[in-house]
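Following this message is one structure expressed as structure tokens.
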Amino acid sequence: MLDVRFPYSGPGLIKIIGVGGAGGNAVGRMYERGTDNIFYAICNTDFQDLNRSDVPCKITLGENLCNGRGCGANSKKGKAAAEESIDEISSLFGDGSIVFIIAGMGGGTGTGAAPVIAKTAKEKGHLTIGVVTMPFSWEQENRINKAKDGLRNMLATTDAIMVFNNQQISRTYEDRPVSEGFKEADDIIASATLGIADIVENPDKINLDQADITAVLKNSGVAIMNTGEADGENRVIQALTNAVEHPLLKGRDIGKSSYILIHISSPKEDEITLGELNGVNEFVEKFSKKGNISLKEIFWGLSVRDEKGSKCRVTLIATGFTLDDVCDWHLYEREKNKPSTDHAPIIDLDDWA
């Protein structure tokens with residue numbers, strides 16, 4: 001079997017690690033964007049899945065336990081595979097400061113191994129952020145319950161966790177072909193992850209540094225993060241609105257947050273004006289007027305992009321939520337109560353492990 005393990009000790013400040021099939025696919029799309037100064041790696045028990053990816057740094061988890069054939073949707077086996085490969089995993093975190101762990105919950109490798117990898121990164125002193133997806137409601141109830149357990153394990157082993165619900169994605173893009181729907185989901189995850197990387201990597205006119213990112217995200221629990229873009233009249237407010245009112249953030253009350261970070265950027269040839277920034281204060285005041293006694297501080301930064309056009313881009317991060325605030329549990333209950341269909345039952349391979 002080809003050894004695709006490449007322990008890394010380079011200078012990358014930000015590290016993005018995909019775990020399992022879903023995590024590896026999402027990280028593969030990010031890698032294709034060619035973002036500088038970011039280190040990418042993928043970890044999987046499935047050798048063939050690893051081999052299909054263009055991401056150069058790959059770790060085959062649990063080679064003795066799984067023989068490169070996956071773990072059959074068995075999350076306990078996924079956890080054991082990561083523990084078997086703990087030395088290779090540890091080699092990913094020799095330096096760097098911010099680590100993202102990307103995984104899908106409900107299967108075997110992502111659900112079982114991602115918390116082990118996140119715990120390793122956090123114990124080495126890295127700011128560790130989990131970015132995870134939850135299953136579709138039509139998936140077997142056992143898989144959904146397994147995803148909930150994995151989600152709680154990720155919450156316990158990271159500084160912050162961002163949750164994206166596949167069922168909400170399905171409802172939002174229900175008319176799209178399946179491949180486009182999954183690409184949309186990967187792009188949303190990429191925007192959330194790379195939006196934070198963009199803040200750290202790009203020098204600001206009004207600076208947001210890594211200490212600000214850490215203050216917002218360190219031991220913060222559940223976080224919401226999104227980007228929004230707009231041009232034309234009122235482009236700053238419209239970009240902020242687009243970030244907050246994205247269909248996949250429907251029902252998320254930013255007013256419940258403990259910390260908010262807002263980063264605004266504009267092109268060099270059409271830099272935003274001081275007058276346009278007045279709208280930011282009006283936007284933020286909406287939160288403080290909601291009686292939000294938990295809001296401790298708002299961080300904000302401003303940068304200029306070396307590109308043409310007039311589009312304003314806003315990155316918004318808010319923290320201090322609970323899983324109940326972001327997981328849309330009601331979607332699963334609603335779908336469960338629908339009449340049964342003629343679909344063949346999904347076989348859970350845990351029964352065969």
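In this text the structure is predicted, and so the values were computed from the model without any measurement. Along the sequence shown, residues carry numbers from 1.
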Which atom pair, heavy atoms only, marks the closest approach of N242 to A230?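 For N242 versus A230, the nearest heavy atoms are ND2-CB, 4.1 Å.
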Is it the case that the side chain of E84 and the backbone of L65 share a donor-acceptor pair, with hydrogens and angles ignored and the cut-off at 3.5 Å?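 Confirmed, E84 side chain pairs with L65 backbone.
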Looking only at heavy atoms, which two atoms of G78 and A113 are closest? And how far apart?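 That would be O-CB, 3.6 Å.
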Only counting residues at least two apart or in another chain, list the ones meeting side-chain hydrogen bond (donor to acceptor under 3.5 Å, both in side chains) with E269.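 For E269 there are no side-chain hydrogen bond (donor to acceptor under 3.5 Å, both in side chains) partners, ignoring immediate neighbours.
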Output yes when R29 and D54 qualify as a salt bridge under the 4.0 Å nitrogen-oxygen rule, no when they do not.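 No, no charged N to carboxylate O under 4.0 Å.
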Evaluate the side-chain proximity of I129 to T158: yes if any heavy-atom separation is below 4.5 Å, no if none is.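 Not in contact.
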Applying side-chain hydrogen bond (donor to acceptor under 3.5 Å, both in side chains), name anything that partners T109, two or more places apart in sequence or on another chain.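 side-chain hydrogen bond (donor to acceptor under 3.5 Å, both in side chains) list for T109, sorted by chain: T45.
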Is it the case that more than 12 heavy atoms not belonging to K218 sit under 6.0 Å from its NZ atom?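 Check passes, neighbour count above 12.
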Can you check whether D49's main-chain N or O pairs, donor with acceptor, with D46's side chain at less than 3.5 Å?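 Pair found, side chain donor or acceptor close to backbone of D49.
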Donor-acceptor contact below 3.5 Å, side chain N74 vs main chain G108: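 No, because the side chain of N74 does not come within donor-acceptor range (under 3.5 Å) of the backbone of G108.
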If I take atom CG from residue L302 and atom CD1 from residue I264, how far apart are they, to the nearest 0.5 angstrom?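 Going from the CG atom of L302 to the CD1 atom of I264 covers 6.5 Å.
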Side-chain donor-acceptor pair under 3.5 Å between S265 and R305, yes or no?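 Side chains of S265 and R305: pair found under 3.5 Å.
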Report yes if the side chains of V163 and M134 come closer than 4.5 Å at any heavy-atom pair, otherwise no.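 Yes. Closest side-chain heavy atoms under 4.5 Å.
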S266 and R313: side chain to side chain contact (heavy atoms under 4.5 Å, CB included), yes or no, with the steps? CA-CA 6 Å; S266 58; R313 182 181 302 147; over 6 Å; no
Under a plain distance cut-off of 3.5 Å, with no hydrogens placed, do N219 and K122 share a side-chain donor-acceptor pair?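 Present: a donor and an acceptor within the cut-off.
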Any I38 side-chain heavy atom under 4.5 Å of Y31 side chain: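 Not in contact.
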Yes or no on side chain to side chain contact (heavy atoms under 4.5 Å, CB included) for Q48 and R69, after CA distance, side-chain angles and deciding distance? CA-CA 8 Å; Q48 288 186 331; R69 298 174 182 173; over 6 Å; no
Do I89 and L61 make a side-chain contact, defined as non-hydrogen atoms from C-beta onward lying under 4.5 Å apart?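 Counting from C-beta outward, I89 and L61 do come under 4.5 Å.
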Atom pair CD1/CZ of I161 and F321 - distance to nearest 0.5 Å: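 With rounding to 0.5 Å, CD1 (I161) is 14.0 Å from CZ (F321).
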Minimum side-chain heavy-atom gap I196-F100 below 4.5 Å: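 Yes. Closest side-chain heavy atoms under 4.5 Å.
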Please check: side-chain N/O of K58 versus main-chain N/O of L50, any donor-acceptor pairing under 3.5 Å?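 Here the side-chain-to-backbone pair exists.
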Given 3.5 Å as the limit, does a donor-acceptor pair link the side chain of S91 with the main chain of E88, or not?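 Between the backbone of E88 and the side chain of S91 there is a qualifying donor-acceptor contact (under 3.5 Å).
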Search all heavy atoms of C312 against all heavy atoms of A239 and return the closest pair with its distance.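 Heavy-atom minimum between the residues: O-CB, 3.9 Å.
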Taking atom NE2 of H263 and atom CD1 of I213, what is their separation to the nearest 0.5 Å?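 Separation between the atoms: 8.5 Å.
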Any sub-3.5 Å donor-acceptor pair from N226's side-chain atoms to A243's backbone N or O?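 Yes, the answer is positive, given that a donor and an acceptor are paired below the 3.5 Å cut-off.
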Counting N and O atoms only, with roles assigned by atom type, does the side chain of T273 sit under 3.5 Å from a partner on the main chain of E276, one being a donor and the other an acceptor?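 Confirmed, T273 side chain pairs with E276 backbone.
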CG of D270 to NZ of K308: how many Å apart, nearest 0.5 Å?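 That separation rounds to 13.5 Å.
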If Ile, Leu, Val, Met, Phe, Trp and Tyr residues are connected whenever their side-chain heavy atoms lie under 4.5 Å apart, and connections chain through other members, are I189 and V55 in the same group?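 Yes; V55 is reachable from I189 via cluster members.
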Could you check whether E307 pairs with K268 (Lys NZ or Arg NE/NH1/NH2 to Asp/Glu carboxylate O, under 4.0 Å)?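 No, E307 and K268 are not salt-bridged.
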Roughly how far, to the nearest 0.5 Å, is the OG1 atom of T193 from the CE atom of M30?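 Reported to 0.5 Å precision, the distance equals 4.0 Å.
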Ignoring hydrogens and angles, tell me if any N or O in the side chain of R235 forms a donor-acceptor pair with the backbone of S310 under 3.5 Å.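 Side chain of R235 to backbone of S310: a pair is present.
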How about N165 and T133: do any of their side-chain heavy atoms sit closer than 4.5 Å?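 No. Closest side-chain heavy atoms not under 4.5 Å.
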Beyond-backbone contact of T319 with V222, side-chain heavy atoms, under 4.5 angstrom: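 Not in contact.
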Establish, from distance only, whether the side-chain atoms of H126 and S97 form a donor-acceptor pair under 3.5 Å.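 There is no such pair (donor and acceptor under 3.5 Å, judged by atom type) between the side chains of H126 and S97.
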What are the two closest non-hydrogen atoms of G21 and N44, and how far apart are they?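 Shortest heavy-atom separation between G21 and N44 comes out as N-ND2, 3.6 Å.
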T111 side chain to G106 backbone, donor-acceptor under 3.5 Å: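 Yes.
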For F299, enumerate each residue passing the ring-ring contact (aromatic ring centres under 6.0 Å, His included) test, keeping only those at least two apart in sequence or located in another chain.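 Residues passing ring-ring contact (aromatic ring centres under 6.0 Å, His included) with F299: none at all.
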Output the distance between atom CG (L316) and atom OG1 (T227), rounded to the nearest 0.5 Å.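 L316 atom CG to T227 atom OG1 measures 10.0 Å (nearest 0.5 Å).
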Of all the heavy-atom pairs spanning G320 and S258, show the shortest one and how long it is.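 That would be CA-OG, 3.7 Å.
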Check ion pair D149-K146 (N to O, under 4.0 angstrom):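 Looking at D149 and K146, the cut-off is not met.
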Should I317 and I262 count as side-chain neighbours, where that means a heavy-atom distance under 4.5 Å?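 SC-SC contact between I317 and I262 ruled out.
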Do K119 and V116 pass the side chain to side chain contact (heavy atoms under 4.5 Å, CB included) test, and can you show the C-alpha distance, the side-chain angles, and the key distance before you say yes or no? CA-CA 5 Å; K119 183 173 183 288; V116 176; 5.8 Å; no
Can the positive tip of K296 be found less than 6.0 Å from the middle of the six-membered ring of Y259, inside 45° of the ring normal?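 Cation-pi check for K296 and Y259: fails.
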Going through the checks in order, is the side chain to side chain contact (heavy atoms under 4.5 Å, CB included) test met by F39 and C57? CA-CA 9 Å; F39 168 73; C57 183; 3.6 Å; yes
Determine the minimum heavy-atom distance between A114 and A103, stating which atoms define it.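 Closest pair (atom of A114, atom of A103, distance): CB-CB, 3.7 Å.
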